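What follows is a set of notes on a single structure, which appears directly below.
Predicted model only: the values in this text are computed from it and were never measured. Atoms within each ligand, like the ligands themselves, are counted from 1 in listed order. Note: hydrogens, waters and symmetry copies are ignored here, and every other heavy atom, side chains too, is used.
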Amino acid sequence: MSAFSLPALPFDEKLIYINGKWTPSLATAIHDVENPDTGDVIAVVPECNAQDLDNAVQAAYNAFHDGPWVNEYSGAERRDALIAVADAIEEHRAELELIESINTGKPISDMHVEVDDTIDLFRHFAGYADKVEGRHIGHQTNQTIEGYTVKVPVGVVGFINAFNYPLNLLGWKVAPALAAGCTIVFKPGPQTPLTTLYFAYLLEKTGKFPPGVFNVVTGGTEVGQALVDHDLIDKVGFTGSVATGKKVIRSTASTQNVRTTSVELGGKSPGVVMPDADLDKTAQLVVSGCMANAGMNCNALTRLWVHRDIYDAFLPKLKAAAENIVLGTPQEETTAMGPVIDRRQFDRVMEYIRIGKEEDKAELMTGGERAFDRGYWIKPTLFVNVDPKARIATEEIFGPVLSVLKPFGSLDEVIAIERRNEFGLAAGIFSRNHQDIAKFTRKLRNGTIWVNTFNALFSYLPFGGFRNSGFGRELGYESFDGYLVPKAIIDDVSY
Ligand code: NAD
C-alpha cells in the first residue's frame with residue numbers, strides 16, 4: 001500500500017468518451033490499472049472492442065465532415081480552443097500530476113516538468129491554428145490560369161499511444177492535429193489510460209469542442225488493431241515498439257483506402273564521450289540521459305562510447321552518479337527514479353540483465369537487481385567493457401540499463417558503426433572540439449543529435465527517427481504540417 005492514493009476522478013473511468021458523452025463500452029471485458037510502485041490495482045477501464053471503435057470513428061467522421069469544428073470554426077476559434085485546453089491543464093495540474101505519477105510510477109518532480117511541457121505544447125500549436133498557409137503559383141504557363149494551393153486538415157486521425165509518457169505524448173499528437181482542424185480517436189497505452197481520460201474531461205470542460213472532435217477508447221491489441229483497420233480513418237499516428245509498428249504499417253497498407261501513417265518506434269541511442277569532455281558534468285548527463293523515466297524512454301542513451309584516454313577516469317564518476325540516484329516513493333519530491341511499468345517489463349529487463357551477465361559476458365559495475373520488496377523496482381544498472389555487437393548493447397531494453405562499450409580510439413570508427421545501428425532516433429556527443437562535433441552531427445543519420453546535453457526536447461523542434469525508429473515527425477512545424485494536405489486549385493479566369 002502506498003501512502004498516496006488516486007484522487008477522486010471527476011468522471012467514471014469505466015466509461016469511454018465518444019461524441020462528447022461518457023458512454024458505456026459495448027464490450028464486457030475490463031482491465032486493471034496498476035500502481036507500479038506497489039503493484040496494487042488502482043482502477044479498472046473497459047477493454048474496448050471493434051464496435052466501440054466503430055462508434056468512436058463514426059463520431060469523429062461526422063464531426064469532421066458535417067460538424068462546426070472543420071466547417072464553421074475559423075482558425076482563430078480553434079486557436080482559442082487550444083489555449084483553453086492549456087488553461088484547463090494548468091488549472092488542474094496538481095490532479096494530473098498525481099494521477100499520472102501514481103499510474104506510471106514517475107517521480108512527481110518529473111511530472112511537474114511534463115505538465116509544464118504539455119501546457120506549452122497546446123499554447124505553441126494554438127499559434128499555428130490561425131496560420132494555415134497555401135501558395136499562389138499563377139501565370140506560369142498561361143496568363144489566364146490562376147493556380148494556387150490550399151492546405152486542408154488530413155481528416156480523421158486515429159492515435160495509438162505507448163505507455164511511457166501518457167500525457168506528454170498525447171500533447172505531441174493531439175495539439176498539432178487539433179490546430180490543423182482534424183478530428184481524433186485516441187487510444188492510450190493499456191497500462192496508463194487515466195490521464196488520457198482526465199484530458200477528455202478537461203477538453204469537455206472548456207466547452208469549446210463540438211461533439212466528436214475528440215474521442216477516447218481504452219484497451220489493447222484488439223481495439224488498436226480495429227483502429228488501424230478502420231476505413232474511415234485518414235491518418236494513423238502510432239507510438240510503440242518496432243514489432244507493433246511494423247504490424248501497423250502492414251495493416252494500413254491492406255485497408256480498402258490507403259492512408260498516411262506516422263510511426264514513432266524504438267531506439268538504442270548512442271552517446272560519445274570525447275577526451276576533452278568535462279567528465280563530472282558528462283557523468284551526470286549520461287546517467288540522466290539513460291535512467292530518466294526508469295530508462296523507459298524511446299531516446300534513452302543506452303550505448304555509451306568512452307574514449308580510451310579517459311575510460312578509467314570516467315567510469316568511477318559514472319558509477320557514483322548512477323548509485324546516487326534517489327529511488328523512493330514516486331510521489332515524494334526527493335525521488336529521482338521510479339519503478340518500471342509492470343510485471344512484464346520487470347521480467348523483460350531482468351532477463352536482459354541475465355543476458356548481459358551470462359551470454360554477453362559483460363562486466364556488471366553496479367545494480368543488476370531488484371530494489372525494494374514491492375512493485376516493479378530495478379536498481380540503476382551499468383555494464384562496462386561491453387562488445388558493441390552484444391545483445392544488451394544493440395537491443396532496446398526499455399529499463400534502467402546502460403551499456404558502456406569497450407573503449408574507442410577513433411570517432412570515425414564510431415560513426416561508421418553507428419550508421420549501421422538498427423535504430424536512428426537520437427544520439428549525443430560530449431566534447432568542446434567543434435570539428436568533432438560537426439563531423440558527428442553531419443555524418444550521423446539520427447532524428448535528434450544532442451551536443452553536451454541529452455533528452456532536452458522542445459515544442460518547436462521536430463522529433464522522430466530514421467531506420468527502425470520509424471518515420472513521420474512529432475513536435476515542431478513539421479508535425480503540424482503532417483496533419484495538413486495541399487489541394488491544388490486551377491482556375492481559368494478567361495472562362
Ligand atoms: P507496444 O508496441 O507494445 O504498444 C504500443 C501501443 O500499440 C499500445 O497502445 C498497444 O495497445 C497498441 N497495440 C498493440 N498491438 C496492436 C496492434 N496489433 N494494432 C494496433 N495497436 C496495437 O509498445 P509499448 O510497450 O506501449 O511502448 C514502448 C515502445 O514505444 C518502445 O519501443 C519505445 O521505444 C516506443 N516509443 C517510441 C517513442 C518515439 O517517439 N519514437 C516514444 C515513446 C515510446
Side-chain angles (χ1 to χ4, degrees), residues 31 33 36 45 47-50 53 104 106 114 158-173 185-193 196 216-230 233 236-255 261-269 290 292-302 340-349 352 395-399 422-426 446-448 455 457 461-476 478-479 482:
H31 74 252
V33 178
V45 297
E47 185 67 36
C48 291
N49 63 16
L53 189 273
T104 58
K106 282 174 197 282
E114 288 178 33
F159 284 123
I160 298 172
N161 210 3
F163 69 79
N164 59 337
Y165 286 90
L167 181 67
N168 222 204
L169 289 183
L170 175 148
W172 286 20
K173 295 171 180 335
V185 176
F186 197 98
K187 190 196 91 59
Q191 304 93 326
T192 54
T196 299
V216 179
V217 290
T218 52
T221 307
E222 184 185 347
V223 69
Q225 187 68 53
L227 187 152
V228 294
D229 287 343
H230 202 293
I233 297 252
V236 173
F238 172 83
T239 298
S241 60
V242 175
T244 316
K246 286 188 175 177
K247 266 191 216 156
V248 167
I249 297 165
R250 278 193 291 272
S251 299
T252 54
S254 311
T255 47
T261 310
S262 151
V263 290
E264 302 293 342
L265 310 178
K268 193 77 189 179
S269 300
C290 177
N293 212 36
M296 297 178 298
N297 195 350
C298 49
N299 54 250
L301 193 175
T302 44
V340 297
I341 193 70
D342 57 13
R343 164 65 55 192
R344 191 169 146 255
Q345 196 61 23
F346 178 87
D347 290 344
R348 177 186 159 91
V349 177
Y352 269 108
E395 297 176 19
E396 186 180 49
I397 299 174
F398 229 51
E422 172 195 341
F423 299 102
L425 196 56
N446 291 42
T448 299
N455 278 350
L457 291 173
L461 285 172
F463 180 82
F466 284 73
R467 304 184 292 285
N468 259 355
S469 293
F471 52 80
R473 288 293 178 267
E474 310 242 50
L475 303 177
E478 291 79 356
S479 76

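- Side-chain atoms of Glu395 and Tyr352 include a donor-acceptor pair closer than 3.5 Å.
- Near Pro190, meaning under 4.0 Å from any of its heavy atoms, are these atoms of ligand 1: 8 (C), 9 (O), 11 (O).
- Smallest separation of non-hydrogen atoms from Val33 and Pro193: CG2-CG, 3.8 Å.
- Rounding to the nearest 0.5 Å places CG of Asn299 at 11.0 Å from SG of Cys290.
- For atom 17 (C) of ligand 1, the closest heavy atom belonging to the protein is Gln225 OE1, 3.6 Å.
- In the vicinity of Leu169, heavy-atom distances shorter than 4.0 Å reach the ligand 1 atoms 42 (C), 43 (C).
- Between Ser469 and ligand 1, no N or O atom pair is found at a separation short of 3.5 Å.
- There is a side-chain donor-acceptor pair under 3.5 Å between Thr261 and Thr252.
- With ligand atoms numbered from 1 in the order given, ligand 1 contributes 43 (C), 44 (C) to contacts under 4.0 Å with heavy atoms of Asn164.
- The protein atom (non-hydrogen) at minimum distance from atom 27 (O) of ligand 1 is Ala162 CB, 3.4 Å.
- The Ile160 neighbourhood of ligand 1 comprises atoms 6 (C), 7 (O), 9 (O), 12 (C), 20 (C), 21 (N), with distances under 4.0 Å to a heavy atom of that residue.
- Close approach of ligand 1 to Phe463 is summarised as follows: ligand atoms under 4.0 Å from at least one heavy atom of the residue are 40 (O).
- Not a single donor-acceptor pair under 3.5 Å links the side chain of Thr244 to the backbone N or O of Gly240.
- Annotation: Phe238 places no N or O atom under 3.5 Å from an N or O atom of ligand 1; distance criterion only.
- Checking only distances, Ser241 does come within under 3.5 Å of ligand 1, N or O to N or O.
- The shortest contact between atom 28 (C) of ligand 1 and any protein heavy atom is with Phe398 CE2, 3.5 Å.
- Gln345 places a side-chain N or O within 3.5 Å of a backbone atom of Phe398 that can act as its donor or acceptor partner.
- For Ala426 against Asn446, the heavy-atom pair with the smallest separation is O-ND2, 2.9 Å.
- The distance from atom CG of Asn161 to atom NZ of Lys187, rounded to the nearest 0.5 Å, is 8.5 Å.
- Side chain to side chain, Thr218 and Glu47 fail the donor-acceptor criterion of an N or O pair below 3.5 Å.
- By the neighbour-count criterion of 12 heavy atoms within 6.0 Å, atom CZ of Arg348 is densely surrounded, having more than that number from other residues, nucleotides or ligands.
- In this structure, the protein non-hydrogen atom closest to atom 42 (C) of ligand 1 is Cys298 SG, 3.1 Å.
- For ligand 1, the polar-atom distance check finds an N/O of Asn161 within less than 3.5 Å of one of the ligand's N/O atoms.
- For residues 463-476, the set of pairs meeting the salt bridge (charged side-chain N to carboxylate O under 4.0 Å, His left out) definition, not counting sequence neighbours, comprises Lys173-Glu474.
- For the pair Gly465 and ligand 1, no heavy-atom separation below 4.0 Å is found.
- A donor-acceptor contact shorter than 3.5 Å links the side chain of His31 to the backbone of Pro190.
- In summary, the aromatic rings of Trp172 and Phe463 are positioned with their centroids under 6.0 Å apart.
- At a heavy-atom distance under 4.0 Å, no atom of Leu227 approaches ligand 1.
- Using a 4.0 Å cut-off between heavy atoms, Ala243 makes no contact with ligand 1 at all.
- Scanning all protein heavy atoms for the shortest distance to atom 37 (C) of ligand 1 gives Leu265 O, 3.0 Å.
- Looking at Glu396 against ligand 1, only its side chain comes within 4.0 Å, counting heavy atoms.
- Remark: minimum distance from atom 35 (C) of ligand 1 to any protein heavy atom is reached at Gly240 O, 3.2 Å.
- Contacts between Leu425 and ligand 1 below 4.0 angstrom, taking non-hydrogen atoms only, involve the side chain exclusively.
- By heavy-atom distance, the residue among Leu457, Val242, Thr239, Thr244 lying nearest atom 5 (C) of ligand 1 is Thr239.
- Polar contact check, Lys187 against ligand 1: a nitrogen or oxygen pair lies under 3.5 Å apart.
- Each of the atoms 11 (O) of ligand 1 lies under 4.0 Å from some heavy atom of Gly220.
- Side-chain N or O atoms of Thr255 include none that pairs as donor or acceptor with a backbone N or O of Asp229 at under 3.5 Å.
- With ligand atoms numbered from 1 in the order given, ligand 1 contributes 19 (N), 20 (C), 21 (N) to contacts under 4.0 Å with heavy atoms of Gly224.
- Distance check: Asp342 CG to Asp347 CG gives 9.0 Å after rounding to the nearest 0.5 Å.
- Ranking protein heavy atoms by distance to atom 24 (P) of ligand 1, first place goes to Phe163 CD2, 3.7 Å.
- The ligand atoms of ligand 1 that sit less than 4.0 angstrom from a heavy atom of Pro188 are 9 (O).
- Not a single N or O atom of Trp172, backbone or side chain, sits closer than 3.5 Å to an N or O atom of ligand 1.
- The closest approach between any non-hydrogen atom of Gly470 and ligand 1 is not below 4.0 Å.
- Taking Glu396 as the reference, nothing meets the side-chain hydrogen bond (donor to acceptor under 3.5 Å, both in side chains) condition, with sequence neighbours excluded.
- Looking only at distances, a side-chain donor or acceptor of Lys106 sits under 3.5 Å from a matching main-chain atom of Asn164.
- Annotation: Lys247 places no N or O atom under 3.5 Å from an N or O atom of ligand 1; distance criterion only.
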